[in-house]
Amino acid sequence: MKRWAALLLPSLLGGCALGPLPAPGASIHTIELIAASALPPIAVGRFTAAPAVARDDRAIPIRASTIRPPNGSFARYLGDMLTAQLRTAGKLDPSAALVLSGTLLRNHATTTIGTAHAELAAEFVLTRGNRILYRKTQEVSRAWDSSFFAVQALPAATASYNSLYPALIEKLVADPDFVAAARTP
Amino acid sequence: MEDRRQPARRVGFVVRLVAAAALLIGLASAADASFWIDGTVGEVKADQKVIVANPAPVQLLVEFQRDGASFPKPLKYLKPIVEAEVKSAGVVGAFGDEPVASGARLSVIVNDIPDKGAAGKGALAGLTFGLKGALAGDDYDVIVTYTPAAGATPITRTVHHRLAIKIGNAEVPAGMVQVKNADLGVRTVMHQTLAHGLNEIAGDPGFRPAAAIPDPTAPPTIAGSAQ
């Protein structure tokens, strides 16, 4: 498929098959939120999936197709997304004492004809050395119109599902408890 | 236990199969498809072009969205086009992905607003072998935001454009102009939206190209390009 077809008229020219999600890109609103926050530079630690969502960590069924993470794990994808946004916002320091880790707790999407819905939840843990400064679950969900035609429904599902990741990060960064914990000496 | 949903699922599957076949026929007839863009946007007129004397380095961020949801897949194709347009516009200096010392940032969001009925139109064109033509396209909101320095008030401009494909015997609305192919259509849309957006930003009274660091040796800028 020509490269412009991903951009132009996905409804007419796009394919029905879904490939893996691309590597995390810049989410400008998320980056602006992080850059404007009082967060000090942070290191990103491990992001893993809870045992209960081990299957959902590898693939999300979307009608007859599936959305897959670029690196084999949606939990790692969340960590990579966080790393990309922090780096671009100038708030990533891999050697920082402040380390943010996470556990994927829920990862789900339904794309019936008419209305589709997806949700994502993770527990974030912020540590400095052996001290846990913050431990809280954040969750986001999104609903969108789902076309009868898969060629329209699949790109819409991919975009809507993918947008949960920056939304979850934004929810974390907007949590005053998280910012206060990050500023704890 | 018998699953009572099975017959309904089978019917749904058959309906989807027929629709997909019609769409495929529609795509097959796309051999004579033509591509059109909104002709009302056009180029920035030479006498309206703002010249920036000292373009400042910025962090450049590019995001593609579908209906407002971040969708990075087309960025591999789109980002080099945006970068080339930003470079040729001359409104900002050197740019890259990383933050710059001044905190200056230029962000470009390309929001694709798909035609919700496009697949149905394509299927109908296929079923009628192009006799019932289809004109379907996507609208694009290109949102350009320039932040002169960390903490400064951002300047935002949104430029709207449209790109459409005509299949079969469809009527093209007035104001649309044909382009040679889809790739040229995308490039023209990006060129025109970014040229207008960046030029308007450069003409905004809040635009400070030297990122709030005045250069006394610099030649004077023309009205509208600096405070």
Side-chain angles (χ1 to χ4, degrees), chain A residues 2-16 18-32 35-36 63-64 70 81 84-85 87-92 112-113 118 142 144-145 147-153 155-167, chain B residues 12 15-16 19-20 23 26-27 30 33 35 59 61-79 97-99 103 105 107-110 112 114-123 134 136-138 143 145 147 150-151 154 163-165 167 181-183 185-186:
Chain A
K2 288 185 183 288
R3 288 178 301 168
W4 51 259
L7 181 69
L8 168 70
L9 306 175
S11 44
L12 276 179
L13 302 172
C16 290
L18 290 175
L21 290 175
S27 173
I28 290 170
H29 187 260
T30 313
I31 292 162
E32 286 172 346
R63 298 202 183 166
M81 177 72 77
Q85 310 311 313
R87 180 190 296 117
T88 313
K91 301 275 190 180
L92 179 74
T112 48
I113 294 164
R142 184 179 173 123
W144 65 95
D145 293 338
S147 171
F148 168 81
F149 293 98
V151 287
Q152 282 189 312
T158 308
S160 297
Y161 171 75
N162 185 68
S163 72
L164 292 178
Y165 288 83
Chain B
V15 169
R16 284 199 293 277
L23 192 60
L27 291 176
F35 297 90
Q59 179 185 27
L61 304 178
V62 184
E63 181 178 359
F64 183 79
Q65 298 178 343
R66 287 191 89 245
D67 263 341
S70 193
F71 186 56
K73 192 173 181 182
L75 275 180
K76 199 173 175 183
Y77 165 66
L78 188 68
K79 198 174 173 192
D97 295 336
E98 302 295 320
R105 186 186 306 131
S107 67
V108 176
I109 296 175
V110 181
D112 171 16
D115 182 343
K116 301 287 191 298
K121 292 176 192 173
D138 290 4
I143 305 156
T145 302
T147 306
L163 182 55
I165 180 172
I167 299 172
N181 53 47
D183 179 60
V186 171

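A, B, ... follow the sequence lines: proteins, then strands. Residue 1 opens every chain. Bear in mind the structure is a predicted one, so any value in this text is a computation, not a measurement.
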> Considering only heavy atoms from C-beta outward, does the side chain of Pro99(B) approach that of Thr88(A) to under 4.5 Å?
Replying inline: no
> For the atom pair CZ (Arg87(A)) and CG (Asp97(B)), what is the distance rounded to the nearest 0.5 Å?
Replying inline: 9.5 Å
>> Quick one, Phe71(B) with Thr158(A), criterion side-chain contact (heavy atoms from CB on, under 4.5 Å). Give me CA distance, side-chain angles, the key distance, then yes/no.
In response: CA-CA 7 Å; Phe71(B) 186 56; Thr158(A) 308; 3.7 Å; yes
> So which part of Gln59(B) gets closer than 4.5 Å to some heavy atom of chain A, the side chain, the backbone, both or neither?
Replying inline: side chain
> When rounded to the nearest 0.5 angstrom, what is the spacing between OG in Ser107(B) and NE2 in His29(A)?
Replying inline: 11.0 Å
> Which pair of heavy atoms, one from Ala26(A) and one from Ser70(B), lies closest together, and at what distance?
Replying inline: O-OG, 4.4 Å
> Once you round to the nearest 0.5 Å, how far does OG of Ser163(A) lie from CZ of Arg66(B)?
Replying inline: 12.0 Å
>> Counting only non-hydrogen atoms closer than 4.5 Å, does Glu98(B) touch chain A with its backbone (N, CA, C, O), its side chain (CB onward), both, or neither?
In response: side chain
>> For Ala69(B) versus Arg142(A), what's the shortest heavy-atom pair and its separation?
In response: CB-NH2, 3.7 Å
>> Can you tell me which portion of Ala167(A) sits under 4.5 Å from chain B's heavy atoms? Options are side chain, backbone, both or neither.
In response: neither
> So, the side chain of Glu63(B) versus the backbone of Ile28(A): is there a donor-acceptor pair under 3.5 Å, distance only?
Replying inline: yes
> Under a 4.5 Å heavy-atom cutoff, which of Ile109(B), Thr145(B), Leu75(B) has the most pairs with chain A?
Replying inline: Ile109(B)
>> Please rank Gly151(B), Gly185(B), Pro72(B), Gly103(B) by heavy-atom pairs under 4.5 Å with chain A and give me the top one.
In response: Pro72(B)
